[in-house]
Amino acid sequence: QVQLVESGGGLVQPGGSLRLSCAASGFIFREYNMAWFRQAPGKEREGVACISSSDTSTYYDRNVEGRFTITRDDAESTVYLQMNGLKPEDTAVYYCAKQREVYNDYIGFLTRMYDYWGQGIQVTVSS
C-alpha cells in the first residue's frame, strides 16, 4: 500500500534552516508529481511547494518562494523540502502528498488532485 513518511521536523530559531524528507513506498515514485503542504493551528491546509515527476518543474507558494526548495531523488523514492530563513509564521504541521494521476501536467495545490498524504510532521519556529 502507499505510504508517505515525513521526517526532519523540529524546533528552530527564526532565521534557521531545516530539511524535511518524505520517504515514499507502494507506488512507482518517479511517475508522480509530489508536493508539500502545511497546516497551522486554526488555519486551512495550504500548499507550500510541488515538483513534477520529470523533475523539470517546481512551483512555490509566494510566501516561501526564495526561501524553500523542493527536490526529489527518484532512486531513493524521497522528496525533500529545504527550508531556509525560517520565520515564526512558518510554524505548522507539514505534510507531503502524492498526486492522483501519473505524469500529470498539473503543478499546483488543489487538494483534490492529491490522493495520498503523509501523517505530518511538526515544524516550530520560535526563539
Side-chain angles (χ1 to χ4, degrees):
Q1 71 277 23
V2 173
Q3 284 194 311
L4 301 172
V5 181
E6 300 98 339
S7 61
L11 172 64
V12 63
Q13 292 188 343
S17 298
L18 281 175
R19 188 176 82 153
L20 304 183
S21 301
C22 173
S25 61
F27 64 102
I28 303 174
F29 180 78
R30 66 178 182 274
E31 295 183 346
Y32 292 86
N33 301 345
M34 300 292 294
W36 287 94
F37 289 76
R38 67 185 181 186
Q39 189 166 17
K43 294 188 176 181
E44 292 187 356
R45 190 170 298 190
E46 62 180 7
V48 175
C50 58
I51 187 166
S52 66
S53 57
S54 62
D55 201 9
T56 57
S57 297
T58 56
Y59 181 72
Y60 297 91
D61 177 80
R62 63 180 182 175
N63 292 312
V64 307
E65 192 161 19
R67 299 188 295 122
F68 291 11
T69 303
I70 186 171
T71 57
R72 63 188 297 155
D73 183 338
D74 288 346
E76 297 294 328
S77 297
T78 301
V79 59
Y80 301 97
L81 185 68
Q82 178 67 44
M83 305 186 293
N84 299 329
L86 283 161
K87 304 176 181 180
E89 51 263 44
D90 294 318
T91 295
V93 177
Y94 284 70
Y95 301 87
C96 69
K98 164 193 166 291
Q99 270 201 18
R100 192 176 301 277
E101 297 182 6
V102 297
Y103 299 123
N104 201 348
D105 290 335
Y106 176 76
I107 299 293
F109 301 132
L110 288 174
T111 55
R112 62 179 172 83
M113 301 298 287
Y114 296 85
D115 58 354
Y116 285 93
W117 301 77
Q119 81 286 353
I121 193 160
Q122 179 69 45
V123 172
T124 302
V125 185
S126 175
S127 55

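With values rounded to the nearest 0.5 angstrom, Asn33 atom CG is found 11.5 Å from Thr58 atom OG1. Atom CG of residue Asn63 and atom CG of residue Asp90 lie 8.5 Å apart, to the nearest 0.5 angstrom. In this structure, CG in Leu18 is found 9.0 Å from CG in Leu11, a value given to the nearest 0.5 Å. In this structure, OH in Tyr59 is found 8.0 Å from OH in Tyr106, a value given to the nearest 0.5 Å. Note that CE of Met113 and CZ of Arg100 are 8.0 Å apart. Values are rounded to the nearest 0.5 Å. Taking OG of Ser21 as the start and CD of Gln82 as the end, the distance is 9.5 Å to the nearest 0.5 Å.
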The test is ring pair (Phe, Tyr, Trp, His ring centres under 6.0 Å); show your working for Trp36 and Phe68 and say whether it passes.
CA-CA 11 Å; Trp36 287 94; Phe68 291 11; over 10 Å; no
side-chain contact (heavy atoms from CB on, under 4.5 Å) between Gln122 and Thr91, intermediate numbers included:
CA-CA 8 Å; Gln122 179 69 45; Thr91 295; 3.9 Å; yes
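Val64 and Val48 make their closest contact through CG2-O, 3.5 Å (heavy atoms, listed as atom of the first residue, atom of the second, distance). Shortest non-hydrogen contact noted between Val79 and Thr71 is CG2-O, 3.2 Å. Closest non-hydrogen pair, Ile70 versus Met34, comes out as CD1-O, 4.1 Å. The heavy-atom pair separating Val2 from Gly26 by the smallest distance is CG2-O, 3.9 Å. Heavy-atom minimum distance, Tyr103 versus Ser53: CD2-OG, 3.5 Å. When all heavy atoms are compared, the tightest approach of Pro14 to Ser126 is CD-C, 3.6 Å.
With hydrophobic clusters built from ILVMFWY side chains whose heavy atoms lie under 4.5 angstrom apart, Ile121 shares a cluster with Leu81. Hydrophobic clustering, with ILVMFWY side chains joined whenever heavy atoms are under 4.5 angstrom apart, keeps Tyr32 apart from Phe109. Val93 and Leu4 sit in two unconnected hydrophobic clusters of ILVMFWY residues. Membership requires side-chain heavy atoms under 4.5 Å apart, directly or through other members. The cluster map of Ile, Leu, Val, Met, Phe, Trp and Tyr, joined by side-chain heavy atoms under 4.5 Å apart, puts Tyr60 and Val125 in the same cluster. One hydrophobic cluster, built from ILVMFWY side chains closer than 4.5 Å, holds both Ile51 and Val102.
Other residues, nucleotides and ligands contribute only 12 or fewer heavy atoms inside 6.0 Å of the CD atom of Glu44. Counted within 6.0 Å of CZ on Arg45, heavy atoms from surrounding residues, nucleotides or ligands total more than 12; the atom is thus considered enclosed. Counting non-hydrogen atoms of other residues, nucleotides and ligands closer than 6.0 Å to CZ of Phe27 gives a total above 12.
When each of Tyr94, Trp117, Tyr95 is checked for a ring pair (Phe, Tyr, Trp, His ring centres under 6.0 Å) with Phe37, only Trp117 meets the rule. None of Met83, Arg38, Glu6 except one satisfies the side chain to side chain contact (heavy atoms under 4.5 Å, CB included) rule with Leu20; the exception is Met83.
Of the possible donor and acceptor atoms, one in the side chain of Arg67 sits under 3.5 Å from a partner among the backbone N and O of Gly85.
Annotation: cation-pi geometry not satisfied between Lys98 and Tyr116 (NZ/CZ under 6.0 angstrom from ring centroid, within 45° of ring axis).
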